[in-house]
Amino acid sequence: PAVRGDLFSAQALFLAVPGEGTLSVGTTQVQTAGVDAVSGSGTFATLRLRAESVGTGTVELVLPELLDEQGGRVAANLTVPPATITVTGG
């Protein structure tokens, strides 16, 4: 349901864990010599959704956050508005 984007290096660990009506997605990257730190813009992940029926639904990011190497929160503007998805037929 989720595919790694281009924001992190290929050495980063990427996890996508589906739940009841949810999808938890996370990644971690160990800073090593020769691997650039994460900086700038890019795609974190691409979500692939499959509709169960015709209708409208909302996809919303809940608790997006960035953590440093000690697990502390990194101050960042992570405001992402909910997305409305409409399925009209197949």
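Bear in mind the structure is a predicted one, so any value in this text is a computation, not a measurement. All residue numbers in this chain count up from 1 along the given sequence.
- The shortest side-chain heavy-atom distance between Val59 and Leu49 falls under the 4.5 Å cut-off.
- Atom-to-atom distance recorded for Leu61:CG and Leu47:CG is 7.5 Å, nearest 0.5 angstrom.
- For Glu60, the CD atom counts as densely surrounded, since its 6.0 Å shell holds more than 12 non-hydrogen atoms of other residues, nucleotides or ligands.
- Residues meeting the salt bridge (charged side-chain N to carboxylate O under 4.0 Å, His left out) test with Arg50, sequence neighbours left out: none.
- Here the closest heavy-atom approach between residue Val25 and residue Ala45 is recorded as CG1-CB, 4.3 Å.
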Hey, mind stepping through Thr84 and Thr56 against side-chain contact (heavy atoms from CB on, under 4.5 Å) and telling me if it holds? CA-CA 7 Å; Thr84 300; Thr56 300; 3.4 Å; yes
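- Counting all heavy atoms, side chain and backbone alike, Thr58 lies closest to Pro82 at CG2-CB, 3.7 Å.
- Put simply, the side chain of Phe8 does not reach to within 4.5 Å of the side chain of Thr28, judged on heavy atoms.
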Assess the residue pair Phe14 and Val3 against the criterion (side-chain contact (heavy atoms from CB on, under 4.5 Å)); give the C-alpha distance rounded to whole Å, side-chain angles, the decisive distance to 0.1 Å, and a yes or no. CA-CA 9 Å; Phe14 180 81; Val3 178; 5.8 Å; no
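- In this structure, the side chain of Thr27 engages the main chain of Leu13 through a donor-acceptor pair within 3.5 Å.
- Residues passing the side chain to side chain donor-acceptor pair (under 3.5 Å) test with Arg73 are Glu65, sequence neighbours excluded.
- The two residues Gly42 and Leu7 make their nearest non-hydrogen contact at N-CD1, 3.9 Å.
- Checking side-chain atoms of Arg4 against main-chain N and O of Thr43 turns up no donor-acceptor pair under 3.5 Å.
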